[in-house]
J.: 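To start, I am sharing the structure in question, which I have written as structure tokens.
Scope of the values below: all heavy atoms of this structure, side chains included, with no hydrogens, waters or symmetry mates. Residue numbers begin at 1 in each chain, while the letters A, B, ... track the order of the sequences.
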Amino acid sequence: MDSIFLQILNGLDKGGAYALIALGLTLVFGTLGVVNFAHGAIFMLGSFCAVTTQNLLTYSKKVKDESITYFEAFKEVPYLEIWWGDTGSFIIDYKVPFSILLAIPVMLLIGLAMERGLIRHFYNRPHADQILVTFGLAIVIQEIVKSIYGANPIPVPAPAIVAGSASIGSWIGLGESVVYPWWRLIYLANALVVISAVFSFLKFTTYGMVVRAGMQDRETVGLLGIDIQRRFTVVFGMASVVVGIAGVMYTPILSPDYHMGMDFLVLSFVVVVVGGMGSLEGAVVAGFMLGVLQSFAAMNEIKSIFPGIDQIIVYLVAVIILLTRPRGLMGRKGVMED
Amino acid sequence: MDTISRKGELRMMALFAVIVLLMPIWLIPFGAAYPDLLQKFAIFGIFAVGFNILFGLTGYLSFGHAVFLGVGSYAAVWSFKLFTMNVIPAVIFGVLFSGIFAAVIGFVSLRRSGIYFSILTLAFAQMSYNLAYSVLTPITNGETGLQLRLHDLRMIDGLFIEAGEGLPLTNLFGIKMSGYPGFYFCAVLLILAFYLALRIKNSPFGMALKAIKSNQLRMGYTGFNTRPYLMSAFMISGMYAGLAGALLAVTDPLAGAERMQWTASGEVVLMTILGGVGTLFGPLLGAGLIKYFENIFSSYNDALLQETFSFLPDMLNNLMVGIISPFVGDGWHLTLGGLFMVIIIFLPGGIVGGITMVWRRYMKKRGASAEMEGETS
Amino acid sequence: MNDQKKLARDWSRRQILKASATGAVLAASSSPMFFVKDAWAANFRNNPGNSSSVTLGFNVPQTGAYSDEGADELRAYKLAVQHLNGEGDGGMLNTMTPKSLTGNGILGKKVKFVTGDTQTKSDAARASAKRMIEKDGVLMVTGGSSSGVAIAVQGLCQENGIIFMAGLTHSNDTTGKDKKRYGFRHFFNAYMSGAALGPVLEKEYGNERKAYHLTADYTWGWTQEESMRKFTEALGWQTSKAVKTPVGAGDFSQYITPVLNSGADVLVLNHYGKDMINSLTQAVQFGLRDKQVNGKNFEIVVPLFSRLMAQGAGSNIKGILGSTNWNWSLQDAGSQAFVKSFGQAYGFPPSMAAHTCYVQTLLYANACEMAGTFNPPEVIKSLEGFSFDGMGNGPTEYRASDHQCFKNVLVVRGNMNPSSQFDLLDVVQEVPRSQVEYDPAIFGGKLGPYTV
Amino acid sequence: MIETIENQTSGKQENPTAKNFPAFFSCWDIHAYYGESYIVQGVSFDVREGEVVALLGRNGAGKTSTLRTIARTADPQLKRGEMWLDHQALHEMPSHKAAQSGVALVPEDRRIIPGLTVEENLKLAQIAEPCGWAIERIYEYFPRLAERRTQEGITLSGGEQQMLAFARALARDIKLLMLDEPFEGLAPLIRNEISKIVLDIKNLGITTIIVEQDAMAVLKLADRAIILDMGKVVFNGAAEEVRTNKELREQYLAV
């Protein structure tokens, strides 16, 4: 029972990450009709916003390290700590939350620049061209990040106060032994908040209504005098922010490296397709569903019956869904069937 | 679309054969004339040409084609291990098994089209890769890759030849298949494969495939059953991939799981589109270019650059090295990514498409009279 | 289609005839060249002859997950080449004993090098090594940062008669069932890690422990798990469960949660690189290190450590036990000399990958000097059974029967109070060679012939 | 709200340049393509302010394409020609600019946007300036839409959807209304209702172009008729003439 509860929690957590990435991908696809293979790279850039914040906050004074005698080595003391003492350390400790403040404008700008500079010219090109050019962009972005930050993962720990685990079991009567990391709970909450925010924006604001209308029928919206293109540009920026926040918040769970975007990319495409191309609800549902299934497949009891199932479960589910429900769980007719 | 006359076809094939067979000579100035890279050019050329039969003709974008490459390799290495070091059975097994795999995967995946088809093939490839890497290790030898061993069975060889002290070499009735002979073996198969692709493209079957590409829906309405055609195209292109995989094992008897990873499937897509999808020579050109980048660009390091620009004064030399070094050596992926973007943005038809465009403009410049003459001759 | 038609048309018959005639002549004139190349092989492959220089091939991952290790290896190789050519401060050339090297290249020939990218993929690594052998004419290939790649390249080098000096590869197979006459490994292996860690684990954590293994689902992970189980079970530990995890899983939470209630009190992470950084970080987040099980503190063990990995894991590594081939904080003369020249060149200390690659290059050069020739069988013979000292690991021997170096193994602990940003590992014990030695027969495999 | 339209009309009459350009809307030699296929092959005609014009022709004559070209949709693509509406150069505008200049198209299949309620569909039309009828006035005129205001637009019956499409057009400040097959697929009773609406629109003085298969029905409403054949104008004259000239109808309209 305990372990099943924890695995569900794990799955939701993982699903939260999938759902956020897939949501951004679907927003872009649903509005602009562009299959964006650079989406994973944007996620990675979000993570590196956190790394950059960390680097900025811990920008250090170099002091000669006397303990190393063979060569000139330096100890680093962050200026923030020199200037502000404990307050400085406190700020450094809270770098991940702070980096969201950096990530929002940065990701928005990156998104807008990408749409204006590149994606815009590919609306009327075949999907294959879109895939290829954004794939090329993804490679370029990740190689640039690699040349700046190196190839190894860079740890960006969560604030010390939430570094440990919550004794979640005692809250719901499963006993003290059932614990779950604070940061993962925060991540899950964050994912739910961001997802709700996106849906509320689309559902309850006029701007959102226009975007929804545009996703369904951009021509008619244009015939009503609305410059849907400009709004879609903003949506692209928004999708970048959504996935950027997902990236920032994920850093304490997975130390970011330049390649993490590619690792998520294939998976997020599977999620989007399982959910149904162009369906935002589908992306979220499929994200959580695949997360939970993946989590269960990793249980020893299940692996002992089907060896290797944890390695293929996501793809297996994708195949089954696509064969039984041709347009994914919640897909619409006529999307991407040309 | 008009077809080339049979005679023109043969002429073109002759030219093509000469170009391929003389690669060891005309590639010398490019620093690419060594057996391994030449073999890779030929092998990945076959892979890309085969992929083009599916993608270029029918428009079905398979994102899991590398799985057939992997199956071909495994089958070939098993043929070496179990039966004989002769490459003929290995090639046959490679093609056969990848054909069977293609039949199974195609049967399921071709129920869907568009991106759904792509994702289905991708899913199958990733499943195969993950299983080959871990659970199927008894068959695939996991991460290390399937290798030959001294104590392999080699049933047929065992009947005729005394086992030597070292590992036996792959051979074609005694001609060892590494180095230049290996290249010529692959090159001959490339020429044959290319000719077959050409024949397929210009056959009624090829026409039907192209019709599927231009309008699947309408063909469905007219009661024309597209499935058998698509299925055949998928299997043929899978078998091309299997042949390429088997040849990889022939020239270098090792089969690794990473050959099936999605990035490997992506690579062949990139090759095809880079060179020019649907064109005859495009995929070959794309394959050559990517392999050239992978092997030659990655090998440049600062010392080598310094040497290359040593004719310049020191200041300029350092400047040039500084400018270029981020794009070579460990930066070769950056160059590749950048090149893709440039080509896709400015040459939607790939390199061959671009050349065709330039050629057409040139022909226009030469005047309509030449055009007329050409038409009547 | 139109264009092909035109193309075919424009190539008049005369032109084609001309072209093919030229081609035939060229082919005819060039084919003897190939045979000449083969004829050299009868002597030995890539014989430098009277050339004033020799070329070595440094085949390291420059892209992909291990490219930081690869970059560090490359730095070490460049340093080694400098030192061999008598440039710089000489590094370990000053401390190595016995030494035949003189600092004027190898056998009087200046050392040059070429580099390649393995991408941590067997295919790419072999392609790159083949380029070095076929195009650049290298005498020796070295490098690698993954066992699969090392084994694949080692096999290739055997077939081509080129010596392979393995870099960072920890699987038992490299010098076990996949060992080759032309392959040599200075680095230690999973068996030695287990043998060295065993007694320390016993001392620190006692005899009554239940271990839970998370193992990277590929050959290296398996051999490491096997070795760790063998030695911990010999101490009286129980293995409560051993679970395989997919490589590059990223999020290991679903594999870690079952540990919580499994009754195990030790978690052994048979992961490397990125996987290890992620699984360790996540295990710590799940509160495993604050846990009490069976009245004991829950412990995590990472059998293979490197400083670069410790950097990635950040503070999570503090207090965790593992083993390593070498650490820059060692105080012997060889280590100090190497750290000094490396640090002066690059501004930070070398990693264990850099160390093993540097040493391998020097050892190869030295063996050539000893043999007085570049002829591989002779070089191999002088490496086999070669005993040396002053290279950072104390007295070391290249065992002739499996080409594995035997030397002391370091058991280390993540430093609780690092004094500098590089001071991440604390040496707990230098486990003597005798304790980690084993009979080569236990892994099987055959070295193969001297001449190919 | 009727005032606004009247004001607008009177305002335009005062415009001194209007005398020099008697045609309120004019398209001149327009050529448009769907991909490679050449659909609109040099169509020219004028429409006076307040006029109702019936655009007739067989299936595939290029009627709908002409309307879409005027509305500046991405397809068909305008390759040549000029279109002027009240001194504004439509041929230089994307569709949303044309819509802001007063062009409204009520498309053949109504194009009610899925996922949006009736009211949202109407609101959508009032986001870009300039707006026409207020939503209250629309509900007053179409009480059935008022009843269903919170219902999803695409769940309405065919007739109601047509009403919604009309309402959406009226919600904008329009100078040129284009109706594409407003009666198609509707039951006779509903047809009457719709033609009453069209008549009302005519009485409001809105310049209108109607495309309709059922020529006789629309000719009763129209002042003038233009007949297209193979993408070209073959007749341009009084509606009355088409109604009476059976030969003309048989030649170009197959009725």
J.: Within the distance-only criterion (no hydrogens, no angle test), does the side chain of B/Q147 pair as donor or acceptor with the backbone N or O of C/G155 below 3.5 angstrom?
T.: no

J.: Kindly compute the distance separating CG (B/N141) from CG (C/D178), expressed to the nearest 0.5 Å.
T.: 7.0 Å

J.: Side chains of B/R149 and C/K177: does their closest heavy-atom pair fall under 4.5 Å?
T.: yes

J.: Would you mind telling me which of B/G145, B/G31, B/P253 has the largest number of heavy-atom pairs within less than 4.5 Å of chain C?
T.: B/G31

J.: Pick one of side chain, backbone, both or neither for B/W26, based on which atoms fall under 4.5 Å of a heavy atom in chain C.
T.: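 Contact with chain C involves no heavy atom of B/W26 at all.
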
J.: For each of B/G331, B/P35, B/A257, tally heavy-atom pairs with chain C at distances under 4.5 Å, and name the one with the top tally.
T.: B/P35

J.: Answer whether the closest heavy-atom distance between the side chains of B/N130 and C/P246 falls below 4.5 Å.
T.: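 Answer no - side chains too far apart.
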
J.: In sequence, state the C-alpha distance, the side-chain angles, and the governing distance for B/T263 and C/Q119, and then conclude on side chain to side chain contact (heavy atoms under 4.5 Å, CB included).
T.: CA-CA 12 Å; B/T263 44; C/Q119 304 176 44; over 6 Å; no

J.: Tell me, for B/S73 versus chain C, whether the close heavy atoms (under 4.5 Å) come from the side chain, the backbone, both or neither.
T.: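 Neither; nothing under 4.5 Å.
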
J.: Might you point out which heavy atoms bring C/Q62 and B/S298 nearest each other, and give the distance in Å?
T.: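 Looking at all heavy atoms of both residues, the closest pair is OE1-O, 3.6 Å.
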
J.: Measure the CD-CG distance between C/E159 and B/L148 for me, rounded to the nearest 0.5 Å.
T.: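 Output value for this atom pair is 7.0 Å.
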
J.: Hey, is the main chain of C/D123 close enough, under 3.5 Å, to the side chain of B/E258 for a donor-acceptor pair?
T.: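 Between the backbone of C/D123 and the side chain of B/E258 there is a qualifying donor-acceptor contact (under 3.5 Å).
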
J.: Surrounding OH of B/Y300 (heavy atoms of other residues, nucleotides or ligands, distance under 6.0 Å), is the total greater than 12?
T.: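 Not more than 12 within 6.0 Å, no.
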
J.: Can you tell me which of C/R181, C/K446, C/R126, C/K121 forms the most heavy-atom pairs within a distance under 4.5 Å of chain B?
T.: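 That would be C/R126.
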
J.: Count the heavy atoms belonging to other residues, nucleotides or ligands that lie under 6.0 Å from NZ of C/K112, then report whether that count exceeds 12.
T.: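 No.
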
J.: Rounded to the nearest 0.5 Å, how far does NZ of C/K244 lie from OG of B/S134?
T.: 10.0 Å

J.: For the NZ atom of C/K130 and the CG atom of B/L37, what is their distance to the nearest 0.5 Å?
T.: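 If we round to the nearest 0.5 Å, C/K130:NZ and B/L37:CG are 11.0 Å apart.
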
J.: What part of B/I296 gets within 4.5 angstrom of chain C, counting heavy atoms only: side chain, backbone, both, or neither?
T.: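 Side chain only.
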
J.: Taking all non-hydrogen atoms of both residues, which atom of B/N295 and which atom of C/A127 are closest, and how far apart?
T.: OD1-CB, 3.7 Å

J.: Could you give the distance from OH (B/Y180) to CD (C/E134), rounded to the nearest 0.5 Å?
T.: 7.5 Å

